[in-house]
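We count residues from 1, following the sequence as given.
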Amino acid sequence: MLEPLLIVELAALGLGTGFLAGLLGIGGGMLMVPFVTLILSHRGVGADLAVKMAIATSMATIVFTSLSSVRAHHRRGAVRWDLVRNLAPGIVLGALGAGAGVFRVLSGRWLALLFAVFVAFSATQMLRSAKRPAPAQPRGLPTAAGQWGAGGLIGFVSGLVGAGGGFISVPIMTWWGVAMHQAVATSAALGFPIALANVLGYLWSGAGVPGRPAATVGYVFVPALAVIASASVLMAPVGVRVAHALPVATLKRVFAVLLYGLAVTMAYKAWHG
């Protein structure tokens, strides 16, 4: 399946998602999942399996993208490691529950529909955040138990839709009063435990599933992982530099429009199979 055209398609996708990971603190899953689903479907993979493989492969690339992105943010002193320590345990538990349990039970059609709803919601939140500043009266950080619970929600939802969690964790942290650039940087750091725990779940739940292409481990399509991860790691630091140099409100609006289009695409895929 790894012909030259496929390599070009996956590399272009990796460059775009890597840039967004650094720019907006997201893992790129909302961009990767629809396109990888279409790429696999056009090459003969069944619709149900294509969705699950796209989500799992997308999450696997976030393992590498998050490391590249957080390294660049850490150099600028923007990562709140205290929040990472408190959120990570809940994230791991929530991610394992999604990747190893619910993910295997739900059909690809339901996962595609859930993804579409989540992306549309995220696009709306992005437009709202681009139009108004952070709340004048932040709520303040919750207790450690509250942060564990928030982490569990982030990890669980991320595992079902193949996203790095930035569209949940960034709004939550800014609601707590964390500065936007710190929320984005901390979200990038959280992408690693989110991705790693979910990928372990996907590898277990996808073992022995029939109809998978060659070079697939669990639900992860390894050739796509290699190409997308290599390209995204190169571009993540570029996105970080842009995030720290330019206001991103306009970029958020443009990306939100793209997300609405992707949400419609995945909803169509869920409806028609």
Side-chain angles (χ1 to χ4, degrees), residues 17-32 58-59 62 65-70 72-74 76-88 90-91 94-95 115 118-136 138-142 146-195 198 236 239-240 242-244 246-256 258-259:
T17 54
F19 179 77
L20 291 171
L23 179 68
L24 301 174
I26 65 174
M30 276 177 272
L31 187 62
M32 274 186 277
S58 166
M59 186 64 78
I62 295 172
T65 303
S66 64
L67 290 176
S68 177
S69 180
V70 73
H73 281 296
H74 177 68
R76 298 172 182 270
V79 180
R80 287 284 302 270
W81 291 108
D82 58 323
L83 291 177
V84 174
R85 287 191 296 270
N86 287 335
L87 289 168
I91 281 174
F115 179 89
F118 177 71
V119 169
F121 171 78
S122 299
T124 302
Q125 291 297 101
M126 181 173 285
L127 284 176
R128 293 175 63 188
S129 69
K131 290 179 180 179
R132 66 168 185 252
R139 275 67 176 178
L141 294 178
Q147 293 180 50
W148 270 54
L153 173 65
I154 294 167
F156 184 79
V157 175
S158 298
L160 293 183
V161 299
F167 282 96
I168 308 175
S169 59
V170 170
I172 286 176
M173 285 186 281
T174 55
W175 188 60
W176 290 345
V178 178
M180 175 59 74
H181 73 282
Q182 290 182 333
V184 169
T186 305
S187 171
L190 292 171
F192 181 77
I194 289 172
N198 273 302
V240 171
V242 173
H244 285 269
L246 297 174
V248 296
T250 300
L251 292 172
K252 282 186 175 183
R253 294 187 183 100
V254 173
F255 187 54
L258 172 62
L259 288 179

Can you give me the closest heavy-atom contact between [X] and [Y], atom names plus distance?
| X | Y | value |
| --- | --- | --- |
| L190 | S169 | CD1-CB, 4.2 Å |
| P142 | Q147 | O-NE2, 3.1 Å |
| A189 | V79 | CB-CG1, 3.9 Å |
| V170 | V184 | CG2-CA, 4.2 Å |
| T186 | R80 | OG1-N, 2.9 Å |
| I62 | G191 | CG2-O, 3.8 Å |

In chain order, what residues pass the side chain to side chain contact (heavy atoms under 4.5 Å, CB included) check against L67, with sequence neighbours excluded?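 Residues passing side chain to side chain contact (heavy atoms under 4.5 Å, CB included) with L67: F192.
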
Atom CG of N86 and atom CH2 of W81: how far apart are they, to the nearest 0.5 Å?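 Result: 13.5 Å between the selected atoms.
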
For A183, is there any backbone N or O sitting under 3.5 Å from a side-chain donor or acceptor partner on S187?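 No.
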
Holding to side-chain hydrogen bond (donor to acceptor under 3.5 Å, both in side chains), I want the full list of residues that pass it with Q182, two or more places apart in sequence or in another chain.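 Residues passing side-chain hydrogen bond (donor to acceptor under 3.5 Å, both in side chains) with Q182: none at all.
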
Passes side chain to side chain contact (heavy atoms under 4.5 Å, CB included), I194 versus M59? Steps please. CA-CA 8 Å; I194 289 172; M59 186 64 78; 4.1 Å; yes

Name the one of L83, L87, I154 that satisfies side chain to side chain contact (heavy atoms under 4.5 Å, CB included) with I172?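 Among L83, L87, I154, the one that satisfies the side chain to side chain contact (heavy atoms under 4.5 Å, CB included) with I172 is I154.
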
